[in-house]
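Here the structure is laid out as structure tokens; the discussion comes afterwards.
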2 protein chains.
Amino acid sequence: MRLTTKGRYAVTAMLDLALHEGKGPISLADISERQGISLSYLEQLFAKLRRNNLVASVRGPGGGYQLNRPKADIDVAEVIDAVNENVDATGCNRRGDCQSGEVCLTHHLWCDLSDQIHTFLSGITLADLVERKDVKAVSSRQEARQAEKMIASDIRVASGL
Amino acid sequence: MRLTTKGRYAVTAMLDLALHEGKGPISLADISERQGISLSYLEQLFAKLRRNNLVASVRGPGGGYQLNRPKADIDVAEVIDAVNENVDATGCNRRGDCQSGEVCLTHHLWCDLSDQIHTFLSGITLADLVERKDVKAVSSRQEARQAEKMIASDIRVASGL
DNA sequence: TATTTATCCTACTAATTTGGTCGGCTTTTG
DNA sequence: CAAAAGCCGACCAAATTAGTAGGATAAATA
Ligand code: FES
Ligand code: FES
């Protein structure tokens with residue numbers, strides 16, 4: 001089992017989409033800027049998210065990504081799973097054949113742990129996260145930052161730099 | 001966060017010690033044979049377990065390792081921690097500074113998850129595991145296998161091979 | 001129609017971790 | 001003294017992570 005930035009990035013990016021739902025397609029460049037994730041890396045992650053039908057893409061100018069299902073129907077476990085981070089703590093993928101085909105001493109312990117984690121993560125949807133006040137706080141901070149940057153670059157453009 | 005064979009091996013080996021408590025020091029060769037873990041790799045893991053005062057060693061023939069505390073006082077989280085697998089799911093080590101010094105969108109989610117996992121794992125002691133019937137079943141199978149092997153090697157020795 | 005904006009796709013990379021192996025040393029028992 | 005154990009450090013192949021780089025394709029717009 002592992003949970004690294006890959007899975008965290010995926011969830012963060014999906015949550016960003018959920019937060020900006022209804023504003024048309026969101027470009028990866030926007031997400032990259034707001035969440036501080038490398039654009040090329042986001043592309044790779046979204047390739048997987050798209051293959052798993054979690055997002056739909058629109059190409060061309062003004063294009064980007066949108067959630068492919070209502071945000072209340074997408075849970076965190078799915079997202080992590082889509083980018084190949086498996087939330088299974090067993091060494092045998094629940095088959096029970098760790099020790100040369102037979103069940104090992106601690107198999108049941110890891111099964112129980114896996115169940116715990118999966119139950120927790122699959123019980124949280126993007127809609128739940130959007131409603132949380134800590135998420136709202138961070139999101140509005142990020143929007144403010146982005147607006148600052150856009151104004152700054154407008155000034156540069158207007159002054160011909 | 002990661003949970004790989006390293007942590008699983010450590011817990012399995014510690015449980016093996018707990019199961020054979022009271023029979024004097026247990027050699028790594030025995031554990032290696034019973035649990036199917038490479039001897040040299042066990043040595044590395046036990047170096048860490050010893051540094052964390054979870055086990056005590058006895059050198060020389062007849063030597064081996066013993067639990068350094070009652071098995072009811074050693075929980076699974078400690079063991080995993082001792083071999084450097086950290087059970088923290090955040091990217092910031094709970095500091096909340098993922099996004100250039102500030103808290104990221106999903107920080108609280110990962111904190112909650114980490115708490116879940118830690119609560120679960122630290123609530124299970126080696127004594128609890130020893131009592132489980134699935135553990136008892138696997139353990140007696142392993143003892144039987146080991147006895148078979150010893151008899152087989154005795155025959156080889158007796159017949160001068 | 002040319003340009004720009006965006007997704008899409010493939011290949012490469014440095015750094016780290018995992019799960020070991022190997023050889024040799026030290027301590028203790030018989 | 002020999003054998004059985006722990007102790008220790010170096011080394012290793014394979015996998016994974018978190019990217020970069022460079023281009024191809026599709027669509028909107030000037
Ligand atoms: S973890 Fe499933 S058999 Fe060992
Ligand atoms: S995970 Fe803690 S700030 Fe991002």
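Quick note on labels: first sequence line is chain A, next is B, and so on, each numbered from 1.
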Whole-Å distance between D:dT20 P and A:Y41 OH? 11 Å
Phosphate contact (D:dA5 OP1 or OP2) by B:Y65 side-chain N/O below 4.0 Å: no
Is there a donor-acceptor pair closer than 3.5 Å between any side-chain N or O of B:Q116 and the backbone N or O of A:F120? no
Closest-nucleotide ordering on DNA chain C, the 5'-leading residue of A:L28 and B:G60: A:L28
Which nucleotide in D:dT20, C:dT29, D:dA5 has an atom nearest any side-chain atom of B:S27: D:dA5
Given C:dT21, D:dA4, D:dC7, which nucleotide is nearest the side-chain atoms of B:P61? D:dA4
Gap between atoms NZ and P, on B:K48 and C:dT17 respectively (whole Å): 10 Å
With a 4.0 Å cutoff (strictly under), does any side-chain N or O of B:R2 reach OP1 or OP2 of D:dT17? no
Between CZ of A:R50 and P of C:dA6 the distance, given in whole Å, is 17 Å
Is there a donor and acceptor pair closer than 3.5 Å between the side chain of A:E85 and the base of D:dT16? no
Over how many whole Å does the gap from A:I37 atom CD1 to D:dT20 atom P extend? 12 Å
Are any of the side-chain nitrogens in B:E85 or B:R8 under 4.0 Å away from the carboxylate oxygens of its partner? no
Given atom CG of B:L42 and atom C1' of C:dT18, what is their separation to the nearest angstrom? 15 Å
Does B:Q44 use its side chain to pair, donor to acceptor, with the backbone of B:Y41 at less than 3.5 Å? no
In whole angstrom, what separates A:F46's CZ from C:dA6's P? 15 Å
Nearest to side-chain heavy atoms of B:K6, which nucleotide of C:dA6, C:dT18, D:dG19: C:dT18
On the nucleotide D:dA5, are OP1 or OP2 found under 4.0 Å from the side-chain N or O atoms that B:S57 carries? no
On DNA chain C, compare the nucleotides closest to B:E43 and A:G62; which residue's is nearer the 5' end? A:G62
Using whole Å, report how far CD of A:Q44 lies from P of D:dT17. 12 Å
How many whole angstroms separate atom CZ of A:R51 from atom P of C:dC8? 10 Å
Hydrophobic cluster identity match, A:M14 and A:I124, side-chain contacts under 4.5 Å: yes
Answer yes or no: side-chain N or O of B:R59 and base N or O of C:dT28 forming a donor-acceptor pair under 3.5 Å. no
Do the side chains of B:E78 and B:R69 get close enough for a salt bridge, i.e. N-O under 4.0 angstrom? yes
Starting the side chain at C-beta, find the nucleotide from D:dG19, D:dT17, C:dT21 nearest to B:S40. C:dT21
